[in-house]
Amino acid sequence: INENPKAQGFIFFSLLQISYLDNNNLFIINKILDKGYEIIFFRENLHLKKNKDLKKNLKKIKLFRNNNIELIKKLESLI
C-alpha cells in the first residue's frame with residue numbers, strides 16, 4: 001500500500017485474510033480506500049469503492065471477526 005501500485009484496487013478472497021488483530025481490518029481497509037483504491041472481498045460479496053461504502057457496511061465488517069473468531073484463531077495457530 002505504501003508503494004502506490006498502479007492498480008484500481010485489491011481483491012481479497014475473504015475478510016479472513018486481514019482479520020487477525022482487533023480492528024486491524026478496519027485500519028487496513030481505511031488506508032486502502034484513502035489512497036483511492038477499491039477493495040473486493042470475494043467470499044463475502046463485498047465491494048468497497050469509497051469510504052461511504054465502508055460506512056454503509058461497517059456493522060457487517062465488524063461482526064465478521066466476532067462471528068468467525070474460532071476459525072481465525074485456528075488459522076493464527078498455523079502461522
Side-chain angles (χ1 to χ4, degrees):
I1 299 169
N2 294 332
E3 296 178 8
N4 298 321
K6 292 182 181 180
Q8 276 187 275
F10 301 94
I11 299 174
F12 295 91
F13 178 71
S14 175
L15 269 165
L16 283 171
Q17 292 176 268
I18 61 168
S19 295
Y20 294 106
L21 300 173
D22 289 331
N23 292 321
N24 192 46
N25 56 354
L26 295 175
F27 174 77
I28 294 170
I29 292 169
N30 264 320
K31 192 169 182 178
I32 292 171
L33 292 174
D34 286 345
K35 293 226 175 204
Y37 296 111
E38 297 179 22
I39 309 169
I40 296 173
F41 295 100
F42 178 78
R43 186 169 176 234
E44 292 78 25
N45 193 27
L46 185 61
H47 186 175
L48 306 173
K49 293 182 179 183
K50 305 274 182 199
N51 283 322
K52 69 176 182 159
D53 298 323
L54 175 59
K55 288 177 186 171
K56 190 165 65 172
N57 291 284
L58 193 58
K59 185 176 180 179
K60 180 179 180 179
I61 294 168
K62 283 184 175 183
L63 287 174
F64 179 86
R65 187 173 195 285
N66 294 336
N67 291 339
N68 293 283
I69 194 69
E70 288 182 36
L71 179 57
I72 291 167
K73 293 217 179 268
K74 284 181 186 178
L75 292 171
E76 282 178 334
S77 70
L78 297 174
I79 297 175

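Here the structure is a predicted model, which is why all the values come from computation and not from measurement.
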Review point. Between K62 and L26, which heavy-atom pair has the shortest distance, and what is it?
Key: CE-CD1, 3.7 Å

Check your understanding: Do L48 and I32 touch side chain to side chain, with heavy atoms closer than 4.5 Å?
Key -> no

Practice item. Applying side-chain contact (heavy atoms from CB on, under 4.5 Å) between F41 and each of L16, I29, I11, N25, report the one that passes. Key: I29

Review point. Quick one: does R65's side chain get under 4.5 Å of I72's, heavy atoms only?
Key: yes

Review point. Going from CD1 on I18 to CZ on F10, what distance comes out if it is rounded to the nearest 0.5 angstrom?
Key: 11.5 Å

Check your understanding: With hydrophobic residues grouped by side-chain heavy-atom distances under 4.5 Å, do L75 and F64 end up in a single group?
Key -> yes

Check your understanding: In terms of heavy-atom contacts, does CG of N66 have more than 12 from other residues, nucleotides or ligands at under 6.0 Å?
Key -> yes

Point to revise | Donor-acceptor pair, side chain of D53 and main chain of K50, under 3.5 angstrom | key: yes

Practice item. Give a yes or no on whether the backbone of P5 and the side-chain of Y37 come within a donor-acceptor separation of less than 3.5 Å. Key: yes

**Study point:** hydrophobic_cluster_shared for L33 and I40, side chain cutoff 4.5 Å
**Key:** no

Review point. Should the heavy atoms of other residues, nucleotides or ligands under 6.0 Å from NZ of K60 be counted, would the total exceed 12?
Key: yes

Review point. Side-chain contact, heavy-atom cut-off 4.5 Å: L15 with F42?
Key: no

